[in-house]
Amino acid sequence: MYENLNDPIDMHKEIKLYGGSGNPELANKIADVLHLPLSGLKLEKFANGEIYARFTESIRGDEVFFIQTLAGANVNDLVMETLIVADAASRASAANFTVVLPHYAYARQDRKAAGREPITARLVANLLEAAGVDRVITLDLHSGQIQGFFDIPVTHLTALYLFGDYFKTKNFDWNNTVVVSPDMGRAKVAKRLSDYLGCEVAIAHKSRPKHNAAEVMGVIGNIVGKTCIINDDMIDTGGTLVGSINKLKEMGAGDIYISATHGIFSGPAIERLENAPIVECVVTDAIPCAVANTPGSKIKQISVAGELADAIAHVYLNESVSDVFGGNSAM
């Protein structure tokens, strides 16, 4: 309690950064860019698997940012961990709690494609809000309309131009290169990437008889003899993608490169891609991948730490990383 009520009260909100269990490597990279410590959060499990979270330092009146990738074999635990940390922050009187989700779980079910189905993308949004999340920063949602499921601010980032900058370092003949949309739904994104690279665009037309299965029926555009860059938001089992690659090869495609923001890589996905007729498969570090960038692997990984750090800086003071923290956004 203040001894002298006439003394001015410091109303400056301190920024606090914490990482979850989903992607500690990325959380540490973001902390390095921001020149902030990444500590003060205790995460444990009880013997029966229930999650325990406690902030070991005061966050009263602070701007709290929690970095959590919702992907992997324990995705459901990671969702619960995020909700529990949000509740802990709310009860610890944080000024605002922002969750940074490099990958947003359950995003593929964003509408009722058939009767008696859930809309899990909306369900997760409701859960986050109910737990006390004040803002979401996320990356390449499966569909843009998921932002509308929230009644809180959503900062929706894209890794598209990071991929563009990566491919610009290649010695491609851009007059003989084409960005291929894997389906009609990604056509606008493919066009943005092709405009950024200064090359043509093509669209694969697919039929999808069931989940994790699709077949290329045809391609709109010229791919014969050309370097093809297939861009998607995620790779799960890789079965559909490898089938598309083989079909493009049958149609006369030249070298094939894959780029996807989220390398989920379930089941045999990595083995399928390593054996596929591609030059590289480039993903971001939004989801951990043990084999990425290892000698001989076709799986390459680029970092989104700079882009996410810059978004955190903009939320905190509406400034860039260099303006606020004197760092480099690495964008």
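For reference, positions follow the sequence shown, starting with 1.
- Proximity of V136 to I152: side-chain heavy atoms (C-beta onward) are separated by under 4.5 Å at one or more points.
- Residues T82 and L127 have side chains not in contact (no heavy-atom distance under 4.5 Å, counting atoms from C-beta outward).
- Hydrophobic clustering of Ile, Leu, Val, Met, Phe, Trp and Tyr side chains at less than 4.5 Å, counting indirect connections, keeps L41 apart from L36.
- Looking at S297, its side chain never comes within 3.5 Å of a backbone N or O of A292 through a donor-acceptor pair.
- Side-chain N or O atoms of E274 include one that pairs as donor or acceptor with a backbone N or O of K298 at under 3.5 Å.
- Taking hydrophobic clusters as Ile, Leu, Val, Met, Phe, Trp and Tyr residues chained together by side-chain heavy-atom distances below 4.5 Å, V291 does not share a cluster with M234.
- Taking CD of E81 as the reference point, atom CD of E44 lies at 11.5 Å (rounded to 0.5 Å).
- Looking at K226 and D255, no side-chain N of the basic residue comes within less than 4.0 Å of a carboxylate O on the acidic one, giving no salt bridge.
- Aromatic rings of F163 and Y257 (six-membered ring for Trp) have centroids beyond the 6.0 Å cut-off, not under it.
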Practice item. Using the side-chain hydrogen bond (donor to acceptor under 3.5 Å, both in side chains) rule, take E200 and T177 through it: C-alpha gap first, then chi angles, then the decisive distance, then the call. Key: CA-CA 7 Å; E200 296 180 3; T177 301; over 6 Å; no
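- Linking Ile, Leu, Val, Met, Phe, Trp and Tyr residues whenever their side-chain heavy atoms come within less than 4.5 Å places I245 and I223 in a single cluster.
- Here CG of L34 is found 14.5 Å from NZ of K29. Values are rounded to the nearest 0.5 Å.
- Counting all heavy atoms, side chain and backbone alike, S181 lies closest to A187 at OG-N, 3.2 Å.
- Checked by atom type and distance alone, the side chain of D183 pairs as donor or acceptor with a backbone atom of R186 at under 3.5 Å.
- Shown here is N48, whose CG atom has more than 12 heavy atoms of other residues, nucleotides or ligands within 6.0 Å.
- When all heavy atoms are compared, the tightest approach of F149 to D110 is CZ-O, 3.5 Å.
- With hydrogens and angles disregarded, no donor-acceptor distance shorter than 3.5 Å links the side chain of N74 to the backbone of D77.
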Exercise for review: Apply the test side-chain hydrogen bond (donor to acceptor under 3.5 Å, both in side chains) to residues Y104 and D140: give CA-CA distance (whole Å), side-chain angles for both, the deciding distance (0.1 Å), then the verdict.
Suggested key: CA-CA 9 Å; Y104 183 85; D140 282 327; over 6 Å; no
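- Here the options are I299, V282, I235, the test is side chain to side chain contact (heavy atoms under 4.5 Å, CB included), and the partner is I258; only I235 passes.
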Point to revise | Candidate pair N96 and R135, rule side-chain hydrogen bond (donor to acceptor under 3.5 Å, both in side chains), full reasoning | key: CA-CA 8 Å; N96 286 291; R135 178 186 291 270; over 6 Å; no
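- Inspection of the T98 and E63 side chains reveals no N or O donor paired with an N or O acceptor under 3.5 Å.
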Donor-acceptor pairs under 3.5 Å, side chain of residues 263-272 to any protein atom, not counting sequence neighbours: which ones?
from, atom 1, to, atom 2, distance (Å)
S266, OG, D236, OD1, 2.5
R272, NH1, T237, O, 3.1

Practice item. Could you go through the side-chain hydrogen bond (donor to acceptor under 3.5 Å, both in side chains) check for Q301 and D285 one step at a time? Key: CA-CA 6 Å; Q301 198 172 61; D285 58 352; over 6 Å; no
Practice item. Apply the test ring pair (Phe, Tyr, Trp, His ring centres under 6.0 Å) to residues F97 and F65: give CA-CA distance (whole Å), side-chain angles for both, the deciding distance (0.1 Å), then the verdict. Key: CA-CA 6 Å; F97 182 83; F65 293 83; 9.0 Å; no
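- Although no hydrogens or angles enter the test, the distance criterion places a donor-acceptor pair under 3.5 Å between the side chain of H103 and the main chain of L70.
- Atoms OG and CG, from S259 and D233 in turn, are 11.0 Å apart once rounded to the nearest 0.5 Å.
- Both V242 and V219 belong to a common hydrophobic cluster when Ile, Leu, Val, Met, Phe, Trp and Tyr are linked at side-chain heavy-atom distances under 4.5 angstrom.
- Side chain of S194 to backbone of V179: no donor-acceptor contact under 3.5 angstrom is found.
- Enclosure of atom NZ in K168 by more than 12 non-hydrogen atoms of other residues, nucleotides or ligands within 6.0 angstrom is indicated.
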Exercise for review: For F167 and W174, run side-chain contact (heavy atoms from CB on, under 4.5 Å): C-alpha distance rounded to whole Å, both residues' side-chain angles, the deciding distance at 0.1 Å, then the answer.
Suggested key: CA-CA 10 Å; F167 287 120; W174 295 110; 4.2 Å; yes
Exercise for review: For side-chain contact (heavy atoms from CB on, under 4.5 Å), just list the numbers for V283 and H262, CA-CA rounded to whole Å, side-chain angles, deciding distance to a tenth of an Å, and then say yes or no.
Suggested key: CA-CA 6 Å; V283 295; H262 303 116; over 6 Å; no
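- Hydrophobic clustering, with ILVMFWY side chains joined whenever heavy atoms are under 4.5 angstrom apart, keeps V99 apart from L38.
- A 4.5 Å side-chain heavy-atom check between F55 and K16 finds every atom pair outside the cut-off.
- Taking the charged nitrogens against the carboxylate oxygens, K170 and E280 do have a contact shorter than 4.0 Å, which makes a salt bridge.
- Note that the CG atom of L157 and the CG atom of L162 stand 10.0 Å from one another [nearest 0.5 Å].
- With values rounded to the nearest 0.5 angstrom, D62 atom CG is found 5.0 Å from E14 atom CD.
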Practice item. Could you check I229 against V180 for side-chain contact (heavy atoms from CB on, under 4.5 Å), going step by step and ending with a plain yes or no? Key: CA-CA 6 Å; I229 301 172; V180 181; over 6 Å; no
Point to revise | Working for side-chain contact (heavy atoms from CB on, under 4.5 Å), residues V224 and M251 | key: CA-CA 7 Å; V224 176; M251 295 178 175; over 6 Å; no
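- Interatomic distance, CD1 of I278 versus NZ of K249, reported as 10.5 Å (0.5 Å rounding).
- Looking only at distances, no side-chain donor or acceptor of D87 sits under 3.5 Å from a matching main-chain atom of L83.
- Remark: the backbone N or O of Q109 is not paired with any side-chain donor or acceptor of K112 at under 3.5 angstrom.
- Results of the side chain to side chain contact (heavy atoms under 4.5 Å, CB included) test with L101 over L78, L139, T69, L128 single out L128 as the only residue that passes.
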